[in-house]
Amino acid sequence: ARPLGLLLMGYVLWLSVSFGFLRNQWVTIVALLIAMAGVSIWLWRREPLGDFLRARRRTILVVEALFLIGMIVAAFVRSYSPEIATAGGEKFMEYAFINSILRSDTFPPPDPWLSGYIISYYYLGYVILAMLIKLSGIPAAIGFNLSLALLFALTLTGAFGVVYNLTTRKPAEGEPVTGSVGYSLLGALFVAVLGNLEGFLEVLHGGGVGSPAFWAW
C-alpha cells in the first residue's frame, strides 16, 4: 500500500504539473493528499475491510513493525555518515535533482548543470521524494537522508509482501488465512540485508578479525 500510494500521488502530481493544470507547490500536494484520502474512504465504505484486517491482524502488525524498525535502523546508520557523497558521485546528481524539483513550480524542472535548459533524464522517483520533503517542510539535506531510510524500509516490506503472497494458501470458506510470516521475514532479510555482504565484511575487517593474507585474498 505504501509504494502504491506514493506512486499514485507522485504520478498525478507529475502529470498534472507537466500539463500545466497544477503548480508544484505545497498547497497542491496537500490537496492531492486530501483527494486520495477521500477516494480511500469511498473505497472503504464500498468494500469494508474489517474482515480482512481481523483475519490478517498478526501479519499487518508484523509488517508495520518491520517498516518502523527498518526506517529507524537505516536512519540511525545513515546518521553516522550523513554526508551526501559517494565514490562515483551519483548522490551529487540525485541531490541536485531533488533541489531543482523543490525550487521549480513547473515540470520539467530546470537542469541543475546547464542554465536555461530542463532536466533531460528520468526523474519521477525524485519527484516522489521531493514531494515528501516539500510536504513535511524539512530541509532538503535531511529529507534526502530520510529518503534513503524510507527506500530501505519499503524494500523490506515489499520483499516481505512478495514472499508472503507466494507462500499463502487461498483459504476455503470460513477457514483462517495461513501464510508464512517466517519465510516472508527471511525474504526481506535476503533482499534488503544479505544481498551484499560488503558491510558485514567491513565490520569484521575493522574489528581485526582474520589475517592480512585473508583480506588480501
Side-chain angles (χ1 to χ4, degrees), residues 1-16 22 26-79 124-138 142-195:
R2 281 187 179 90
L4 180 61
L6 289 171
L7 180 61
L8 286 174
M9 195 165 157
Y11 183 72
V12 172
L13 175 68
W14 171 77
L15 200 63
S16 57
L22 298 172
W26 181 84
V27 66
T28 301
I29 298 172
V30 172
L32 290 176
L33 189 61
I34 293 173
M36 179 171 285
V39 173
S40 299
I41 293 171
W42 177 72
L43 289 173
W44 176 284
R45 292 174 67 88
R46 283 195 60 190
E47 296 288 341
L49 297 178
D51 293 339
F52 173 86
L53 295 176
R54 281 189 291 272
R56 291 175 169 83
R57 60 182 179 276
R58 174 170 168 262
T59 305
I60 293 171
L61 289 174
V62 170
V63 173
E64 293 301 309
L66 181 65
F67 178 86
L68 184 61
I69 292 171
M71 187 80 183
I72 291 173
V73 169
F76 178 75
V77 171
R78 186 65 183 167
S79 71
L124 177 60
Y126 303 114
V127 169
I128 295 174
L129 299 180
M131 175 184 71
L132 295 176
I133 294 171
K134 188 183 286 284
L135 181 65
S136 62
I138 60 178
I142 297 175
F144 181 85
N145 282 325
L146 288 177
S147 297
L148 298 179
L150 172 67
L151 292 174
F152 177 75
L154 289 176
T155 302
L156 283 174
T157 53
F160 181 100
V162 170
V163 176
Y164 185 83
N165 281 285
L166 289 173
T167 58
T168 297
R169 179 179 63 86
K170 185 177 181 181
E173 188 68 30
E175 287 186 356
V177 178
T178 56
S180 175
V181 171
Y183 283 131
S184 304
L185 289 172
L186 193 62
L189 181 68
F190 275 128
V191 171
V193 180
L194 299 181

Those residues that, when tested against [X], pass side chain to side chain contact (heavy atoms under 4.5 Å, CB included) (two or more places apart):
| X | answer |
| --- | --- |
| R46 | W42 |
| I34 | V30 |
| L151 | none |
| L53 | W44, L49, I60 |

>> I'd like to check the side-chain hydrogen bond (donor to acceptor under 3.5 Å, both in side chains) partners of R45; sequence neighbours left out, ordered by chain and number.
In response: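 side-chain hydrogen bond (donor to acceptor under 3.5 Å, both in side chains) list for R45, sorted by chain: empty.
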
>> Which residues pass the side-chain hydrogen bond (donor to acceptor under 3.5 Å, both in side chains) test with R78, not counting sequence neighbours?
In response: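 Per chain and number, R78 pairs via side-chain hydrogen bond (donor to acceptor under 3.5 Å, both in side chains) with N145.
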
Ignoring hydrogens and angles, write down the donor-acceptor pairs under 3.5 Å from the side chains of residues 62-76, residues two or more places apart or on other chains.
from : atom 1 : to : atom 2 : distance (Å)
E64  : OE1    : R2 : NH2    : 2.8

> How would you list, by chain and number, every residue that makes a ring pair (Phe, Tyr, Trp, His ring centres under 6.0 Å) with Y126, sequence neighbours excluded?
Replying inline: F97

>> Test of understanding: with ring pair (Phe, Tyr, Trp, His ring centres under 6.0 Å), list the residues that count as partners of F152, not counting sequence neighbours.
In response: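 Residues passing ring pair (Phe, Tyr, Trp, His ring centres under 6.0 Å) with F152: none at all.
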
Taking the side chain as everything from C-beta on, heavy atoms only, tell me whether [X] gets closer than 4.5 Å to [Y].
| X | Y | value |
| --- | --- | --- |
| I29 | L33 | no |
| I138 | L146 | yes |
| L13 | L22 | no |

Working to the nearest 0.5 Å, report the span between [atom1] of [X] and [atom2] of [Y].
| X | Y | atom1 | atom2 | value |
| --- | --- | --- | --- | --- |
| L150 | T155 | CG | OG1 | 9.0 Å |
| S16 | Y11 | OG | OH | 10.5 Å |
| K134 | M131 | NZ | CE | 11.5 Å |

For residues 181-193, please give each side-chain donor-acceptor pair under 3.5 Å, one per line with the distance, not counting sequence neighbours.
from : atom 1 : to   : atom 2 : distance (Å)
S184 : OG     : Y164 : N      : 3.2
S184 : OG     : S180 : O      : 2.6

